[in-house]
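First up is the structure itself, then whatever we jot down about it.
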Amino acid sequence: MTLGREKLNFLNTPTPIQRLDNISEELGINLYLKRDDLTNFGTGGNKLRKLEYLVKDALDQGATMLLTVGGAQTNHGRLTGAVAAKYGLKAAIIAVDPYPGEMSANLLLDGIMGCPVYLVQQDGVHTDAELEAAAIEKVTKEWEEKGEKVYFIPVGGSNELGILGYYDCAMEIAQQVKEMELEDVRLVTTVGSFGTYMGLAVGIKNENLPLRLTGIGISPKPNGLYDYGLKYYEKIKKFFNLDLEMTEEDFDLTSDYDHGAYNNPVKEVREALYYMGRKEAVILDPCYTGKTFAGILSMVKEGKIKPGENVIMLHTGGIPGIYTKHHRVEMEKELADYIRII
Ligand SMILES: *Cc1c(COP(=O)(O)O)cnc(C)c1O
């Protein structure tokens, strides 16, 4: 029970925190990974911690179906489908996105787990948001006519309840750090739809945990990350009736490493991904964790992360992303020399 809310308990937690010995030595810092990519359903990822709370709420409301939204390659959608499969619920994903021409990566996993994906096509008249809203209404009606009770989960599971999974994770990390006798730890996470960062930030502040949190944005937000975060926190505060002020000083966020767009192929990010694979045999993804790790490498170079600093990067999963066409074709070119036909 966190902030008065209950959750399902389906995760193999605590997930391990592992030291990256080879990279730590090369960078002159102590770099660790919190392995939330090793969570146990649907190939894992950070959305599962949010779904422990969201699906509990859905079941409490008598829902029989989970409906969510995202891009065609949404990791959150895939994991919503995974939890639905496990709990005998129906699930579907709505994405305003063209068909990528192949059923790969998350789309393939969605199909394997029995979760349909509705790909809404741009009509050149409406905005994506308008098309999405209309599709939500249409698909909900369609399934309700078949007798389902639909529970809607917003993009990334990042609403008020969705922060609690990472509130808990902040406490989990603080406990592990204590057992490891690590001091003055900087925790670094990716910032996408913001639920993960917000959960960690509120958890750290409200529970007075000895962790410093840095969020690395992976896509630009219209009025910047701070504006987005402060508005999101106002909703959280109201919803949970929290007696806790959070200001800009409580948030450490950077947009310096977002490379200008969401899920774009970036050479520097792929280089970071190869570096991690070759030094530590850990696979990152090109959309989220690869950008974050590339950001950490830059921060070390720029002296923003100091020599000897203890840094834990949250590995939020997303590995299917390496199999999406627009990333894969770039990697196939760069790695062509690794296939040697003799
Ligand atoms: C969704 C996602 C994130 C970002 O988490 P938010 O809570 O949306 O900020 C990071 N990494 C991966 C792999 C994700 O799927």
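These numbers come from the heavy atoms of this one structure, side chains and all, not from hydrogens, waters or symmetry mates. Residue numbers run from 1 in the order of the sequence given. Atoms within each ligand, like the ligands themselves, are counted from 1 in listed order.
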Does at least one non-hydrogen atom of His76 fall below 4.0 angstrom from an atom of ligand 1?
no
Please verify the inter-ring angle class for Tyr275 with Phe293; under 30° counts as parallel, over 60° as perpendicular, anything in between as tilted.
parallel
Should Gly192 be listed as contacting ligand 1, given a heavy-atom distance under 4.0 Å as the test?
yes
Protein heavy atom at shortest distance from atom 1 (C) of ligand 1:
Lys47 NZ, 1.4 Å
Proximal ligand 1 atoms for Asn75, defined as those under 4.0 Å from one of its heavy atoms:
13 (C), 14 (C), 15 (O)
If you count the atoms of ligand 1 from 1 in the order shown, which ones are under 4.0 Å from a heavy atom of Gly318?
13 (C)
Relative to the ring of Phe10, is the ring of Tyr87 parallel (under 30°), tilted (30 to 60°) or perpendicular (over 60°)?
tilted
Can you tell me if Lys50 contacts ligand 1 (heavy atom of the residue under 4.0 Å from the ligand)?
yes
Pull out every atom of ligand 1 sitting under 4.0 Å from any heavy atom of Gly195, numbered as shown with elements.
7 (O), 9 (O)
Please determine if Tyr197 has a nitrogen or oxygen closer than 3.5 Å to a nitrogen or oxygen of ligand 1.
no
Is it true that Met103 and Tyr323 fall in one hydrophobic cluster, defined by side-chain heavy atoms closer than 4.5 Å?
no
Does ligand 1 have an atom under 4.0 Å from some heavy atom of Thr289?
no
Matching residue for Tyr166 among Asp36, Thr189, Thr316 - test: side-chain hydrogen bond (donor to acceptor under 3.5 Å, both in side chains):
Asp36
Any donor-acceptor pair under 3.5 Å linking the side-chain atoms of Lys50 with those of Ser158?
yes
Judged by non-hydrogen atoms, does Gly45 sit under 4.0 Å from ligand 1?
no
Gly317 heavy atoms within 4.0 Å reach ligand 1 at atoms 13 (C)
Are the side chains of Lys221 and Asp227 in touch, meaning some heavy atoms are under 4.5 Å apart?
no
Taking distance alone, with no angle check, do Phe194 and ligand 1 share an N/O pair under 3.5 Å?
yes
Geometry only, no angles: is Thr196 polar-contacting ligand 1 at N/O separations under 3.5 Å?
yes
Electrostatic pair Glu148-Lys146, nearest N-O below 4.0 angstrom
no
Could you tell me whether Val191 and ligand 1 have an N or O pair separated by under 3.5 Å?
no
Which atoms of ligand 1 sit under 4.0 Å from any heavy atom of Thr316?
10 (C), 11 (N), 12 (C), 13 (C)
Within the structure provided, determine whether Met299 and Ile216 are in side-chain contact (heavy-atom separation under 4.5 Å).
yes
Using a heavy-atom cut-off of under 4.0 Å, does the side chain or the backbone of Ile218 touch ligand 1, or both, or neither?
neither
May I ask you to identify the nearest protein heavy atom to atom 5 (O) of ligand 1, giving residue, atom name and distance to one decimal place in Å?
Asn46 ND2, 3.1 Å
Shortest protein heavy-atom distance from atom 8 (O) of ligand 1, along with the residue and atom involved:
Ser193 OG, 2.5 Å
Distance to the ring centre below 6.0 angstrom and angle to the axis at most 45 degrees; does that hold for Lys47 and Tyr288?
yes
Test item: side-chain donor near acceptor, Asp184 and Asn310, under 3.5 Å
no
Output yes when Glu334 and Arg270 qualify as a salt bridge under the 4.0 Å nitrogen-oxygen rule, no when they do not.
yes
